[in-house]
Amino acid sequence: MEMKKQLPHCLVFTISLLLVIIWTKAQAPDYADALTKSLLYFEAQRSGRLPYNQRVTWRDHSGLTDGLEQGVDLVGGYHDAGDHVKFGLPMAFTVTMLSWGVIEYGEEIARAREYEHALEAIKWGTDYFIKAHTSPNVLWAEVGDGDTDHYCWQRPEDMTTSRQAHKIDEKNPGSDLAGETAAAMAAASIVFKETNPHYSHLLLHHAQQLFEFGDKFRGQYDSSVGVVKSYYASVSGYKDELLWAALWLYKATDNEVYLDYVINNAGNFGGIGWSISEFSWDVKYAGIQIIAAMLLPEVKHKKQKEIIEQYRSKAEFYICSCMSKNNGTNIERTPGGLLFIRQWNNMQYVSSAAFLLTVYSDFLSNTNQNLSCHGITVTPEELFALAKSQVDYILGSNPKNMSYLVGYGSRYPTKVHHRGASIVSYRVNKGFIGCTQGYDDWYSHSEPNPNVVTGALVGGPDREDNFRDDRGNYMQTEACTYNTAPLVGIFAKLNQFSDLRLIASY
Ligand SMILES: *[C@@H]1O[C@H](CO)[C@@H](O)[C@H](O)[C@H]1NC(C)=O
Ligand SMILES: *[C@@H]1O[C@H](CO)[C@@H](O)[C@H](O)[C@H]1NC(C)=O
Ligand SMILES: *[C@@H]1O[C@H](CO)[C@@H](O)[C@H](O)[C@H]1NC(C)=O
């Protein structure tokens, strides 16, 4: 018998499978690449002393005397966007969303080998919150202020603007800020439970104290910290953040006290009253309602079940309005299919909606349910398909063929409204660049930014899918940490989903 050299069948199968995967992957968005890039963005936004393993090397140390005037160490934390103010409320919301993403999609993030980076992004925020929470009823709310910061166009490394710190305390309450920071630390404590139990415990301790502080000394933080008013005023008040904090504390502790709080205050805090079509650093109701709805399978008492059912009905209002299946009150879409809430930084609402849709889709599918929007059946697959379409739009499947995630794909915004990115790197030119010199030499020139703020999700297009890549067009070209934060988990989920689907379809 003649021996023919032949590849075993299983090997032929494996090779052709790999070829199919490689070929199909070339057509599909590269979610793994998007995931890696999204986490780099948080390194670009770092304030403070940068560590030896800092990967975004056009940045250097900054804000090293933050808090010094007030006798408190506030070095660290994140710039919110294209400026250098450290705003507590959006920073905390960013950390809550990053943590929620890791809680839901930690395995998928780990499989893409980004778990360590995701935890570092969270810890950069929580380390700062620990510093800012100097005693049980004192939380530093902000370093610097928008007015003086925006007067200058400088690199963070050159900053000459005021770094005065502002706080909330018993006499100057801020239940929204205390609540959101408690939520962030409680959510992060779940993330670190396995890998760093000591740190997790510390975070939980701070979270519980902050929640008590916020609940006992009630008030809106923008009344206490006036300088935040024109930038991050708490329009929805503090009741949503108190419910939000209590829910995250319940998830972190399993202590019924927190669940009771969410049940007993459901009515007077608007948890089961507000039907809302946006989820943001300010307005948490949709997120609260969705987390509450997902507790339904585990609540035992009749009264709890009744209230949770009402939360669920509001959660589904939000989801149905994203799906355009509500009677009259749907979220607008652009002709290219992007969810559209408002002109200024619309992408923040898109990424947060995509996250909530993905999480709720998983919940429905894990509990073997469909959703009913005014009698119309909607499947979990349809929810996920909408989330995916929004993410794919972000990554370039849109009428402009433009990726709104900076640094991803072949076409993306090159004039992002970002001080550090738009000025020559401090590593390249250490010469001091003054306050107005930055405006004259860098802000107004027509060239692309010298540094790419990779992984930043910019404000994005208008209601007609139009986008003008111009540094002065901050409504569209500025990016914020809370735009990218919800994407981390979804990118990981989509990455795994597209691999599995390819294998299944083969
Ligand atoms: C939808 O709204 C219209 C007008 O408000 C009303 O007549 C109709 O009954 C509603 N349909 C459902 C299914 O709620
Ligand atoms: C959900 O709806 C789909 C499509 O209508 C149907 O095939 C499926 O059986 C439904 N699932 C459940 C759990 O009702
Ligand atoms: C986007 O890409 C499609 C397909 O390659 C092409 O037909 C279309 O003209 C492009 N649009 C723009 C604005 O570049």
Side-chain angles (χ1 to χ4, degrees), residues 22-31 33-34 290 293-299 305 308-309 312-313 315-327 330 333-340 343 346-347 350 356-416 446 448 452 457-470 473 475-477 493 497-498 500-501 504-505:
I22 290 163
W23 177 79
T24 319
K25 279 216 111 168
Q27 322 276 304
D30 187 345
Y31 300 115
D33 185 44
I290 281 172
M294 297 194 298
L295 295 177
L296 202 52
E298 62 190 77
V299 291
K305 267 203 190 315
I308 295 287
E309 276 291 0
R312 173 167 132 148
S313 133
E316 296 187 345
F317 173 92
Y318 174 84
I319 299 286
C320 294
S321 82
C322 291
M323 298 296 298
S324 302
K325 295 240 159 60
N326 266 344
N327 198 5
N330 294 313
R333 306 252 186 121
T334 67
L338 187 70
L339 294 169
F340 192 85
Q343 189 83 336
N346 183 60
M347 279 303 190
V350 176
L356 295 185
L357 284 161
T358 306
V359 166
Y360 206 63
S361 160
D362 283 344
F363 167 71
L364 291 175
S365 114
N366 292 338
T367 50
N368 195 28
Q369 298 179 71
N370 284 324
L371 175 64
S372 171
C373 297
H374 304 278
I376 306 164
T377 297
V378 182
T379 65
E381 290 75 20
E382 289 174 82
L383 261 55
F384 186 53
L386 176 62
K388 181 176 181 300
S389 76
Q390 300 302 302
V391 172
D392 290 352
Y393 185 112
I394 287 171
L395 295 180
S397 299
N398 59 57
K400 294 278 173 241
N401 296 340
M402 162 81 87
S403 161
Y404 294 102
L405 192 79
V406 178
Y408 176 90
S410 54
R411 270 188 83 191
Y412 49 80
T414 60
K415 294 177 193 164
V416 180
S446 56
V452 179
L457 174 60
V458 296
D462 66 14
R463 54 162 41 87
E464 298 293 327
D465 299 301
N466 291 317
F467 179 77
R468 192 164 47 84
D469 186 9
D470 175 346
N473 181 18
M475 288 195 188
Q476 296 190 328
T477 64
K493 159 107 187 167
F497 173 79
S498 57
L500 289 176
R501 199 184 41 169
S505 69

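Positions are given from 1 along the sequence. Order of appearance sets the numbers: ligands from 1, and atoms from 1 within every ligand.
Of all atoms in ligand 3, numbered sequentially from 1 with element shown, those under 4.0 Å from a heavy atom of Pro399 are 11 (N), 13 (C).
Under the salt bridge (charged side-chain N to carboxylate O under 4.0 Å, His left out) criterion, Asp362 pairs with Lys493, not counting sequence neighbours. In terms of the disulfide (SG to SG under 2.5 Å) criterion, Cys322 has no residue partners (sequence neighbours excluded). For Glu309, the salt bridge (charged side-chain N to carboxylate O under 4.0 Å, His left out) partners are Arg312, not counting sequence neighbours.
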Could you walk me through whether Tyr31 and Phe497 pass the ring-ring contact (aromatic ring centres under 6.0 Å, His included) test, one step at a time? CA-CA 10 Å; Tyr31 300 115; Phe497 173 79; 8.8 Å; no
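For the pair Phe384 and Ser361, the tightest heavy-atom approach, listed with the atom from each and the gap, is CB-OG, 3.6 Å.
Not less than 6.0 angstrom separates the ring centroid of Tyr318 from the ring centroid of Tyr360.
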Distance dump, ligand 2 polar atoms to protein, N/O, under 3.5 Å:
unit_1: ligand 2; atom_1: 2 (O); unit_2: Asn370; atom_2: ND2; d: 2.4
unit_1: ligand 2; atom_1: 11 (N); unit_2: Asn370; atom_2: ND2; d: 2.9
unit_1: ligand 2; atom_1: 14 (O); unit_2: Asn370; atom_2: ND2; d: 3.4

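Taken to the nearest 0.5 Å, the CZ atom of Arg468 stands 10.0 Å off from the CG atom of Asp462.
Taking any N or O of Lys400, backbone or side chain, none lies under 3.5 Å from an N or O belonging to ligand 3.
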